[in-house]
Amino acid sequence: MKETPEEIAALQTLMDTSRAGSTSHLREIISGDHLLTAAQVVGALEGMRVLSLATVTARGEPRVSAVDGHLLHGQWTFGTDGRAAKAKHLEARPSVSLAHVDGERLGVFCHGQAIRLSPGDPEWDETIAHWTAHYDSDPTTWGEDIRMFRVEPTWMVGYGTVDEPTADEAD
């Protein structure tokens with residue numbers, strides 16, 4: 001886990017606010033033992049997770065595709081080739097929705113803005129180092145126009161049956 005206690009607290013606030021502003025239908029489903037805390041979400045999403053990423057075409061039509069996602073500091077990061085349709089959508093319309101679903105065990109749903117990362121950004125070095133450690137190669141070397149993104153979440157909820165991380169896991 002890369003998240004600091006302050007980042008987990010901020011994520012918890014976002015998740016609480018998101019759920020509170022949701023429909024009664026969603027609040028009934030994501031409740032009780034199935035309502036995940038930020039600490040549970042962060043612990044369950046360690047490493048790479050396949051995300052279903054929804055972007056929007058110029059005509060306002062939704063498009064969904066899969067990307068490798070890595071949760072860093074309570075925000076998703078992902079990459080894509082600049083030739084991909086999603087790269088063109090994100091350049092013009094950065095609003096996204098994404099989900100990671102692992103059967104009935106875990107579901108994390110997020111809406112936000114995809115921010116394209118560049119070498120001068122404060123998050124760049126850590127993001128590239130994390131991805132490089134995971135894949136044993138620098139993702140920016142995978143093609144001529146690899147684009148890395150960070151999602152600033154405006155809404156996020158977690159559903160599932162995962163355990164609270166232990167004190168050792170939270171460190």
Side-chain angles (χ1 to χ4, degrees), residues 1-3 7-57 60-81 84-90 93-117 123 127 130-131 133-135 139 142 146-166 169-170:
M1 288 180 10
K2 305 277 186 192
E3 288 73 15
E7 290 166 338
I8 291 174
L11 184 57
Q12 187 63 58
T13 298
L14 174 65
M15 292 174 66
D16 290 344
T17 302
S18 299
R19 184 176 176 277
S22 296
T23 64
S24 59
H25 174 72
L26 185 132
R27 287 191 311 272
E28 289 168 6
I29 293 169
I30 302 178
S31 64
D33 292 343
H34 297 293
L35 175 62
L36 297 181
T37 66
Q40 287 173 309
V41 166
V42 167
L45 296 176
E46 185 75 22
M48 191 281 288
R49 296 292 179 249
V50 175
L51 302 178
S52 296
L53 173 72
T55 58
V56 180
T57 68
E61 298 169 329
R63 295 292 182 262
V64 67
S65 62
V67 294
D68 288 7
H70 294 259
L71 194 69
L72 296 174
H73 302 291
Q75 298 182 339
W76 286 109
T77 63
F78 67 91
T80 192
D81 190 291
K86 68 179 132 287
K88 294 169 180 33
H89 298 167
L90 293 169
R93 292 162 302 283
S95 293
V96 296
S97 292
L98 55 85
H100 170 70
V101 179
D102 181 3
E104 292 185 22
R105 186 187 85 77
L106 176 67
V108 178
F109 307 92
C110 176
H111 308 303
Q113 297 292 308
I115 308 300
R116 185 173 173 186
L117 298 175
E123 301 90 358
T127 301
H130 173 86
W131 279 64
H134 181 82
Y135 295 103
W142 299 346
I146 300 300
R147 300 178 185 187
M148 300 299 294
F149 294 88
R150 172 182 54 83
V151 176
E152 285 186 0
T154 56
W155 187 93
M156 185 183 287
V157 295
Y159 167 89
T161 57
V162 300
D163 295 324
E164 213 40 75
T166 65
E169 292 171 329

Check your understanding: Given Val67 and Phe149, is the side chain to side chain contact (heavy atoms under 4.5 Å, CB included) satisfied, shown in steps?
Key -> CA-CA 11 Å; Val67 294; Phe149 294 88; over 6 Å; no

Review point. Atom CG in Leu71, atom NE2 in His130: separation rounded to 0.5 Å?
Key: 9.0 Å

**Study point:** Val50 backbone acceptor or donor facing His100 side chain under 3.5 Å
**Key:** yes

Check your understanding: Does Thr37 reach the side chain of Gln12, with side-chain heavy atoms less than 4.5 Å apart?
Key -> yes

**Study point:** Closest heavy-atom pair and its distance - Leu90, Ala114
**Key:** CD2-CB, 3.7 Å

Review point. Would you say Thr77 and Met148 make side-chain contact, with heavy atoms under 4.5 Å?
Key: no

Practice item. Determine the minimum heavy-atom distance between Leu51 and Gly69, stating which atoms define it. Key: CD1-CA, 3.6 Å

Review point. About how many Å separate CD of Gln75 and CD of Glu123, when rounded to the nearest 0.5 Å?
Key: 7.0 Å

Exercise for review: Indicate yes or no for a side-chain donor-acceptor contact from Glu3 to the backbone of Gly74 under 3.5 Å, with no hydrogens or angles considered.
Suggested key: yes

Exercise for review: Compare all side-chain heavy atoms of Leu11 with those of Met156 and state whether any distance is below 4.5 angstrom.
Suggested key: yes

Check your understanding: Looking at NZ of Lys86 and CZ of Phe78, how far apart are the two atoms once the value is rounded to the nearest 0.5 Å?
Key -> 8.0 Å

Exercise for review: Enter the distance from Thr13:OG1 to Ile8:CD1 here, rounded to the nearest 0.5 Å.
Suggested key: 12.0 Å

Review point. Roughly how far apart are His34 NE2 and Leu106 CG, rounded to 0.5 Å?
Key: 12.5 Å

Exercise for review: Could I get the full list of side-chain hydrogen bond (donor to acceptor under 3.5 Å, both in side chains) partners for Glu61, not counting sequence neighbours?
Suggested key: Arg59, Arg63

Review point. Heavy atoms, side chains only, cut-off 4.5 Å: are Val41 and Met15 in contact?
Key: yes

**Study point:** Closest non-hydrogen atom pair between Ser97 and His111, with its separation
**Key:** OG-ND1, 2.7 Å

Exercise for review: For Phe109, enumerate each residue passing the ring pair (Phe, Tyr, Trp, His ring centres under 6.0 Å) test, keeping only those at least two apart in sequence or located in another chain.
Suggested key: none

Check your understanding: Going by the salt bridge (Lys or Arg N to Asp or Glu O under 4.0 Å) test, which pairs reach into residues 14-32, not counting sequence neighbours?
Key -> none

Review point. Does Glu152 use its side chain to pair, donor to acceptor, with the backbone of Gln113 at less than 3.5 Å?
Key: no

Study note, to complete from the structure: For Ser18 and Val157, the nearest pair of non-hydrogen atoms, with its separation, is CB-CG1, 4.0 Å

Check your understanding: Aromatic rings His70 and His134: how do their planes relate, parallel, tilted or perpendicular, breaks at 30° and 60°?
Key -> perpendicular

**Study point:** Side-chain heavy-atom pair Asp81, Ile146 within 4.5 angstrom cut-off
**Key:** yes

Exercise for review: Output yes when a side-chain donor or acceptor of Arg105 lies under 3.5 Å from a complementary backbone atom of Gly160, and no otherwise.
Suggested key: no

Exercise for review: Any chance you could measure Tyr135, atom OH, to Met48, atom CE, to the nearest 0.5 Å?
Suggested key: 4.5 Å

Point to revise | Closest contact, heavy atoms only, Glu104 versus Tyr159 | key: O-CE2, 3.7 Å

Review point. Does some side-chain heavy atom of Val56 sit less than 4.5 Å from a side-chain heavy atom of His89?
Key: no

Review point. If you look at every heavy atom in Asp68 and Trp131, which pair is closest and at what distance?
Key: O-CH2, 3.5 Å

